[in-house]
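Okay, structure first, notes after.
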Amino acid sequence: MSNLSKKLAVASLVTFVSIAPLHAQTESDPWEGFNRAMFSFNETIDRAAIKPLAQGYKFVTPELAQTGVSNFFDNLKGLRTFANNLLQGKVHNAFEDVARFTFNTTFGLAGLIDVATPMGIAKHDEDFGQTLGYWGMPSGPYVVLPFFGPSSVRDTVGMVPDWYLNPIVYVDDRATRNSLQALRLIDTRARLLEAERMISGDRYSFIRDSYLQRREFLVRDGDVRVSFDETDF
């Protein structure tokens with residue numbers, strides 16, 4: 001994707017966020033009582049353990065090493081993206097996914113170095129929840145999952161096949177597998193530290209609305225020109 005395309009996509013998302021009807025968010029969250037309880041539970045776990053670990057990781061780990069860790073996990077995620085691009089019939093994107101994974105795994109030292117982006121090979125992000133949405137499945141109500149966080153009924157269903165597309169789960173040694181999963185969690189949380197500063201007002205509502213709007217943006221591949229009367233339910 002060119003820089004111009006990226007700027008247009010961001011502009012479209014900002015426009016969509018600003019004009020999205022407020023009542024749609026209320027209708028999308030019929031289980032708000034349960035969701036707020038799970039949100040508080042997750043926030044407690046995050047404040048007590050995950051966020052401090054992420055902050056410590058960023059403090060003691062050189063930036064170059066952090067970038068390498070992020071590249072490594074992004075490279076593994078490319079397998080999931082490849083499979084879902086195929087399922088959506090996006091053959092060209094799937095070929096780019098294979099090319100990225102091949103170059104980054106071989107010349108990029110198992111994905112630690114992103115050599116594909118400087119080569120002009122586009123990076124995509126697809127999961128099974130997006131695939132279901134692509135083929136017309138509505139998102140269903142918003143739901144906050146314990147430990148996993150924001151989701152929807154559709155995205156929760158999509159987590160199952162995506163789990164089996166994660167190469168880490170096939171690592172035979174349990175200690176190595178658990179260490180990789182833990183490092184992936186800490187890396188993901190560390191990446192969110194800066195974005196977290198943008199949260200204002202009611203934290204629960206802000207995260208819910210941001211999640212739903214971002215998922216809609218991803219499912220539609222950036223095409224957010226929707227009717228005010230259109231709903232997912």
Side-chain angles (χ1 to χ4, degrees), residues 1-43 46 51 74 77 80-81 84-85 87-88 90 93 122-159 162 188-233:
M1 180 182 292
S2 66
N3 288 333
L4 176 59
S5 298
K6 290 180 180 178
K7 291 178 181 178
L8 290 175
V10 171
S12 298
L13 177 58
V14 171
T15 301
F16 174 71
V17 170
S18 64
I19 66 176
L22 296 177
H23 71 85
Q25 300 303 340
T26 302
E27 292 178 358
S28 69
D29 192 9
W31 305 330
E32 184 171 347
F34 168 83
N35 286 336
R36 282 189 178 273
M38 287 300 100
F39 178 79
S40 296
F41 171 78
N42 289 340
E43 287 281 282
D46 182 64
K51 184 175 181 178
D74 283 347
K77 192 166 64 175
R80 182 196 74 186
T81 297
N84 282 288
N85 266 325
L87 290 172
Q88 295 176 35
K90 301 173 183 176
N93 289 0
K123 181 180 180 181
H124 309 288
D125 184 11
E126 300 286 348
D127 55 51
F128 199 71
Q130 291 172 241
T131 296
L132 293 174
Y134 179 84
W135 292 112
M137 180 177 177
S139 68
Y142 176 72
V143 59
V144 179
L145 301 175
F147 302 108
F148 291 96
S151 187
S152 66
V153 171
R154 180 182 65 204
D155 291 343
T156 301
V157 172
M159 290 172 64
D162 284 340
T188 301
R189 185 63 181 90
R191 294 198 220 185
L192 294 173
L193 290 173
E194 290 297 324
E196 188 178 22
R197 298 178 183 178
M198 298 173 57
I199 298 177
S200 61
D202 178 34
R203 187 177 175 88
Y204 169 83
S205 298
F206 187 98
I207 292 175
R208 176 197 62 193
D209 297 352
S210 298
Y211 176 83
L212 293 175
Q213 291 160 5
R214 179 177 180 273
R215 292 301 293 175
E216 184 75 8
F217 180 82
L218 291 175
V219 167
R220 296 177 180 274
D221 292 329
D223 184 3
V224 292
R225 295 169 297 175
V226 295
S227 167
F228 283 121
D229 296 327
E230 183 178 344
T231 65
D232 285 334
F233 316 103

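With values rounded to the nearest 0.5 angstrom, Arg203 atom CZ is found 11.0 Å from Ser40 atom OG. The distance from atom CE of Met38 to atom CZ of Phe34, rounded to the nearest 0.5 Å, is 4.5 Å. Summarising the geometry, atom CG belonging to Leu192 is positioned 9.5 Å from atom CG belonging to Asp46; distances are rounded to the nearest 0.5 Å. Expressed to the nearest 0.5 Å, how far CZ of Arg215 lies from CG of Asp155 amounts to 4.0 Å. For the atom pair CZ of Arg197 and CD1 of Ile199, the computed distance is 12.0 Å after rounding to the nearest 0.5 Å.
A 4.5 Å side-chain heavy-atom check between Tyr134 and Glu126 finds every atom pair outside the cut-off. Contact annotation: the side chain of Phe128 approaches that of Thr131 to within less than 4.5 Å [non-hydrogen atoms, C-beta and beyond]. Looking only at side-chain heavy atoms (C-beta outward), Trp31 and Val144 stay at 4.5 Å or farther from each other. Counting heavy atoms from C-beta outward, Asp125 and Arg80 have side chains that approach closer than 4.5 Å. Glu43 places none of its side-chain heavy atoms less than 4.5 Å from the side chain of Tyr204. Ser151 places a side-chain heavy atom less than 4.5 Å from the side chain of Tyr211.
For Gly140 against Ser152, the heavy-atom pair with the smallest separation is O-CB, 4.3 Å. Between Asp162 and Gly129, the closest heavy-atom pair is OD2-N, 4.4 Å. When all heavy atoms are compared, the tightest approach of Leu212 to Ser28 is CD1-OG, 3.2 Å.
Between Arg36 and Asp202 there is a salt bridge, with a side-chain nitrogen of the basic residue lying less than 4.0 Å from a carboxylate oxygen of the acidic one. Salt-bridge check for Arg189 with Glu196: passed, with a basic side-chain N closer than 4.0 Å to an acidic carboxylate O.
Panel note: side chain Asp127, backbone Asn84; no donor-acceptor pair is recorded below 3.5 Å. For Asn35 (side chain) and Tyr142 (main-chain N/O), a donor-acceptor pair under 3.5 Å exists by modelled atom type. The main-chain N or O of Leu132 is never found under 3.5 Å from a side-chain atom of Arg154 such that the two would form a donor-acceptor pair. Using a distance-only test at 3.5 Å, with no hydrogens or angles considered, no donor-acceptor pair links the side chain of Gln130 to the main chain of Gln88.
Heavy atoms of other residues, nucleotides or ligands lying less than 6.0 angstrom from CZ of Phe148 number 12 at most.
Contacts of Phe147 classified as ring-ring contact (aromatic ring centres under 6.0 Å, His included), with partners at least two apart in sequence or in another chain: Phe41.
Sorted by first and then second residue, the salt bridge (Lys or Arg N to Asp or Glu O under 4.0 Å) pairs with a member in residues 141-150 form an empty list; sequence neighbours excluded.
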